There are 2 protein chains.
Amino acid sequence: MRKENSTNTLNKQHLEKDCGMSYTLTAIGGRWKPAILWRLARGKMRYSELRDSIANVTERMLVLQLREMEKDGLINRIVYAEVPPRVEYELSAKGNSLKPILESLSDWGDKNRI
Amino acid sequence: MRKENSTNTLNKQHLEKDCGMSYTLTAIGGRWKPAILWRLARGKMRYSELRDSIANVTERMLVLQLREMEKDGLINRIVYAEVPPRVEYELSAKGNSLKPILESLSDWGDKNRI
DNA sequence: CAGTATCCCATATGATACTG
DNA sequence: CAGTATCATATGGGATACTG
């Protein structure tokens with residue numbers, strides 16, 4: 001099934017009609033999204049803090065995944081008009097509503113990985 | 001970050017050490033795994049029933065995703081020694097323990113998709 | 001500091017045909 | 001019926017260099 005537009009951002013056309021599971025998994029399931037969400041669930045962070053705390057992530061991928069989650073409304077990007085520039089990321093209200101799910105995903109993983 | 005082996009089956013090396021979230025998401029996050037899990041959560045199904053109920057899936061992808069979930073211990077594959085052949089798939093105990101999570105993923109998706 | 005821009009490759013997925 | 005095999009393509013992701 002081909003995607004109808006060029007981005008990975010979510011819209012109705014991407015979804016199987018039978019359930020919202022795929023929607024949620026696409027929203028949080030990118031290569032670096034769990035690492036990002038896990039950190040932001042603990043509080044607001046600067047771009048450089050995210051980059052430095054996530055091992056092996058490239059700036060390219062970090063920005064791509066942040067932009068997708070911003071478009072999907074999971075996180076807020078806050079730009080301060082300062083020199084040098086400062087950008088902070090935080091969970092939005094929508095993102096915050098995911099926290100119990102992130103917890104249960106983490107718990108299940110911790111219990112069931114070999 | 002390159003994978004150390006050729007399959008997508010889970011092992012310790014695939015995991016970020018900071019959380020089990022990635023483990024769970026890899027286990028259930030394949031292209032067709034949500035559709036499969038959603039159906040098996042409602043009960044045992046034959047291969048052909050899965051194939052016919054999941055729109056647009058190819059046999060190749062269906063089998064690949066089933067095999068991965070079988071390797072990861074989420075589902076059982078039951079082969080009956082009959083002619084014509086009959087194969088049924090069902091959630092394992094481990095797979096069943098995911099059901100509350102699948103539910104919450106689905107609920108969140110239904111509420112938050114546009 | 002917080003990003004972009006290119007280039008490149010591995011992997012995931014798809015199309016189609018065939019089979020025990 | 002329940003798959004395999006083969007080939008082709010799309011996409012995700014990495015390396016590296018550059019910039020407002």
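Bear in mind that the values here come from a model prediction, so they are computed numbers and not experimental data.
- What separates CG of A:Leu62 from C1' of C:dC1 is a distance of 13 Å, to the nearest Å.
- Looking at the side chain of B:Gln65, the nearest of the listed nucleotides C:dT13, C:dC1, D:dC1 is C:dT13.
- A salt bridge does not link B:Arg42 to B:Glu49: none of the charged nitrogens lies less than 4.0 Å from a carboxylate oxygen.
- Whole-Å rounding puts the B:Glu88 CD to D:dC1 C1' distance at 13 Å.
- Nucleotide D:dG20 forms a pair with C:dC1, judged by Watson-Crick or G-U wobble geometry with both contacts under 3.5 Å.
- Within 4.0 Å of A:Arg60, counting heavy atoms only, lies at least one base atom of the nucleic acid.
- The minimum heavy-atom distance between B:Leu91 and B:Ala41, with the atom names listed, is CD1-CA, 3.7 Å.
- Picking from C:dG14, C:dA2, C:dC1 the nucleotide with the shortest atom distance to the side chain of B:Met61 gives C:dG14.
- For the OP1/OP2 pair of C:dG3 and a distance below 4.0 Å, the side-chain nitrogens and oxygens of A:Arg67 include at least one atom meeting the criterion.
- Shown here for A:Trp38 and B:Cys19, the closest heavy-atom pair between the two residues is CE2-CB, 3.8 Å.
- Pairing of D:dT11, defined by two Watson-Crick or G-U wobble distances under 3.5 Å, is identified with C:dA10.
- Each of A:Thr58 and A:Pro85 was matched to the nucleotide of DNA chain D holding its nearest heavy atom; the match closer to the 5' end belongs to A:Thr58.
- One atom, CZ of A:Arg31, and another, P of C:dA10, lie 17 Å apart when rounded to the nearest Å.
- Closest to the B:Arg46 side chain, of the nucleotides C:dG14, D:dC1, D:dG3, is D:dC1.
- Atom-to-atom, OH of A:Tyr47 to C1' of C:dA2 comes out at 6 Å; the value is rounded to the nearest Å.
- In this entry the distance linking CG of A:Asn56 with C1' of D:dG13 reads 13 Å, nearest Å.
- Atoms CD and CD, from B:Glu68 and B:Glu70 in turn, are 11.5 Å apart once rounded to the nearest 0.5 Å.
- Here C:dT13 presents its C1' atom at 13 Å from CD1 of B:Ile36, a figure rounded to the nearest Å.
- Within the 4.0 angstrom heavy-atom criterion, no nucleotide atom of any strand lies near A:Glu49.
- Comment: B:Glu88 engages B:Arg86 in a salt bridge, judged by a side-chain N to carboxylate O separation of less than 4.0 angstrom.
- DNA chain C is contacted by both A:Val87 and B:Val57; A:Val87 maps to the nucleotide lying nearer its 5′ end (nearest heavy atom per residue).
- Residue contacts shown for A:Tyr89 are limited to sugar-phosphate atoms, with no base heavy atom under 4.0 Å away.
- Whole-Å rounding puts the B:Leu64 CG to C:dA12 P distance at 10 Å.
- B:Glu59 has its CD atom 12 Å from the C1' atom of C:dT19, to the nearest Å.
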